[in-house]
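Note on naming: letters A, B, ... go to the chains in the order of the sequence lines (proteins, then strands), and numbering restarts at 1 for each one.
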Amino acid sequence: MNRPLIVVLQVAVLLGGLLAWHLAVTTGIIGSPKQLQFFFSTPQQVLLRTWTDLAGSRLWGHIGVTLTETLLSFLIGSLGGIGMGFWFARKPTMAAVFDIYIKALNALPRVVLAPIFALWFGLGIWSKVALGFTLVFFIVFFNVYQGVREVSPVILANARMLGLGERQLVRHVYWPAALSWMFSSLHTSVGFALVGAVVGEYLGASAGLGYKIHEAEGVFDVTGVFSGMLILMMVVIAIDFLVGLAERRLLHWRPKVATE
Amino acid sequence: MMKQQAIRFDGVGIDFALAKGNVYQALAPVDLAVADHEFVAIVGPTGCGKSTLLNVAAGLMRPSSGAVSVFGRPLSGRNAEAGYLFQQDALMPWKSALDNVAVGLLAAGMPRDDARARATDWLARVGLAAFAERYPHLLSGGQRKRVALAQVLIRDPKILLMDEPFGPLDAQTRVIMGDLLLDLWAADRKAVLFVTHDLDEAIALADRVVVLSAGPAARVVGDFPIPLERPREIADIRDNAGFHALHREIWRTLRLEVQQAYAQGAA
Ligand SMILES: Nc1ncnc2c1ncn2[C@@H]1O[C@H](COP(=O)(O)OP(=O)(O)OP(=O)(O)O)[C@@H](O)[C@H]1O
Ligand SMILES: [Mg+2]
């Protein structure tokens, strides 16, 4: 595929979209521009607001809070998920007993937990970390659990024949297998950590990107809402890029998938 | 006194439990012994139980009846004297070629630097000095088999179990790998139990060729000494007059079993 051409086309789609938005809300072909702009703002205003926000310092504070919450819930959730996944995979009785409860807990829509967490952990960052944790934990848990259980029996038998004892099997076989599964879910789990943070902020907080969007909605500041969403998207793309880099470093022993 | 026996099967039978309480008898009681320093090849139709026999020798599977002894001692649990080259790829994909080869030494408690130095040496012996840092998925099938061979031999096991180690390789590579194996083996002549479906290969490599019958209830139906002199050169061995006579004789036995296996739809 022709890479530069793709980029040009991507930019063209973006400009086309912005242009359509601009024309729709300023020319009056679908209705009164004044009314439409109240509901949909305009590209210039949104970009301008984003630009001034990024130039100021308050927004960076919000971004910092959201990123802190994301990072904490990712780290704590991953550690919990790895530990628990590992443990369950090596203790089938344990897994059999708790299986149904884990499924039940995972089936719960996390949004309903937000008010409880706010009650328990206050309106600061920890209620958001708790919400993110409930999302990240299960993803990492299921991946690690499956990863450890599905280690190829031939690789295991080979390792045993090479003289590896139980503890060495953990270190040389189970652990790398579990980590590789965890890393392969990195995009999803980091994404969910961010979702937890933003949703938590949205539902009750005094700082963070979710709070900022909520605040703008409260005063019908559509420009502020769109600009907040734009910044959120940029943050997500930046994080995703970093995760991609990390993944390439950590999983370099893996065969590349054909599409790359 | 008889030569010491490295591994010995006494009436070893294997039954697999199938669904609905059915039982599949894979091996009828088999008696077989491999003397120390002896290279024994096993041939037999596909599905007859060759891998099963090796798994029993490795101690990965308990026989349903009979017993296995290793250097005169009854085997229970993993066979610590044996190195096993599996039929399938068994390298750890997350370790480089070097680390794969070194892992057995690490497990035995050797310090990391020493283990890696020895592994580097072994990779050179199997002709892969330049590939030490490669991960298995970046190696060819033949290269992976060489790494696996080094991984097993570096621990210096007294018994070598090999399950169609060159099975998936092309004809030229098989010859090269066979020569490499004979070279390495000549150093200390470990006891070898070598499974193959290639009769030419069996005769070229082994001191004895054992023929297993078609399953179920496979048993030993032929045991042929191979008196060709060593050192042998696999590519040239077909020019040896004795080779053809041996091949004809063993094939007479093997063919019947292969035909029977086909008739049963095992292949
Ligand atoms: N776990 C099992 N349960 C039931 N049957 C089994 C099991 N493992 C192997 N078998 C059967 O035992 C027989 C012997 O299998 P084995 O893998 O030892 O054959 P093989 O001689 O190594 O064949 P090949 O040359 O194709 O590798 C086969 O018929 C197989 O279907
Ligand atoms: Mg087999």
Side-chain angles (χ1 to χ4, degrees), chain A residues 78 81-82 85-86 89-90 140 143-186 243-260, chain B residues 51 54-55 57-61 77-110 112 115 119 133-139 144 147-157 159-163 165:
Chain A
S78 296
I82 291 176
F86 224 88
R90 310 280 292 130
V140 175
N143 271 293
V144 168
Y145 180 60
Q146 193 177 0
V148 172
R149 285 204 336 168
E150 290 181 4
V151 172
S152 142
V154 184
I155 291 179
L156 267 181
N158 187 39
R160 289 214 168 88
M161 288 310 291
L162 292 171
L164 277 74
E166 274 308 301
R167 285 188 43 190
Q168 288 160 331
L169 283 180
V170 168
R171 168 149 167 242
H172 293 285
V173 181
Y174 290 118
W175 182 247
L179 279 194
S180 82
W181 276 78
M182 191 210 127
F183 291 145
S184 62
S185 64
L186 212 55
V243 169
L245 286 186
E247 198 175 50
R248 224 165 302 154
R249 278 195 65 92
L250 294 168
L251 292 182
H252 53 130
W253 54 267
R254 278 240 180 127
K256 300 274 170 296
V257 268
T259 53
E260 273 184 352
Chain B
S51 299
L54 283 200
N55 285 335
L60 294 171
M61 190 184 282
R78 185 177 68 84
N79 184 345
E81 306 289 354
Y84 191 169
L85 206 60
F86 287 80
Q87 183 168 12
Q88 306 93 324
D89 256 336
L91 296 175
M92 300 171 198
W94 44 80
K95 284 186 187 294
S96 65
L98 185 67
D99 288 330
N100 262 293
V101 176
V103 72
L105 295 181
L106 290 179
M110 185 181 284
R112 197 178 141 81
E133 295 310 323
R134 293 243 193 141
Y135 287 88
H137 79 271
L138 296 172
L139 296 170
R144 281 201 290 269
V147 175
L149 189 60
Q151 185 184 50
V152 167
L153 289 179
I154 196 171
R155 298 179 64 245
D156 198 21
I159 301 169
L160 198 51
L161 307 172
M162 306 176 87
D163 196 353

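Inspection of non-hydrogen atoms places His172(A), Val173(A), Pro176(A), Ala177(A) of residues 172-180 of chain A under 4.5 Å from chain B. Contacts between residues 144-157 of chain A and chain B, counted as heavy-atom pairs separated by less than 4.5 Å, involve Val154(A), Ile155(A), Ala157(A).
Put simply, OH on Tyr135(B) and CG on Leu251(A) are 10.5 Å apart, with the number rounded to the nearest 0.5 Å.
Residue contact with chain A, scored on non-hydrogen atoms closer than 4.5 Å, is absent for Asp99(B). Contact of Ala82(B) with chain A is made through backbone and side chain together, with heavy-atom distances under 4.5 Å. When heavy atoms are compared at a cutoff of 4.5 Å, Ala80(B) does not approach chain A at all. Contact annotation for Arg254(A): only backbone heavy atoms (N, CA, C, O) come within less than 4.5 Å of a heavy atom of chain B. Using a 4.5 Å cut-off between heavy atoms, Leu91(B) touches chain A through its backbone atoms (N, CA, C, O) alone. Only the side chain of Phe86(B) comes within contact range of chain A, judged by heavy atoms closer than 4.5 Å.
In terms of the side-chain hydrogen bond (donor to acceptor under 3.5 Å, both in side chains) criterion, residue partners of Ser51(B) (sequence neighbours excluded) are, by chain and number, Gln87(B), Asp163(B). With sequence neighbours left out, the side-chain hydrogen bond (donor to acceptor under 3.5 Å, both in side chains) criterion links Arg134(B) to no other residue.
Nearest approach of Gly163(A) to Ala107(B), heavy atoms of both residues: O-CB, 3.8 Å. Contact detail for Met161(A) and Arg155(B): the closest heavy-atom pair is O-NH1, 3.1 Å.
Of all the listed residues (Ala58(B), Pro136(B), Pro157(B)), the one sharing the greatest number of non-hydrogen pairs under 4.5 Å with chain A is Ala58(B).
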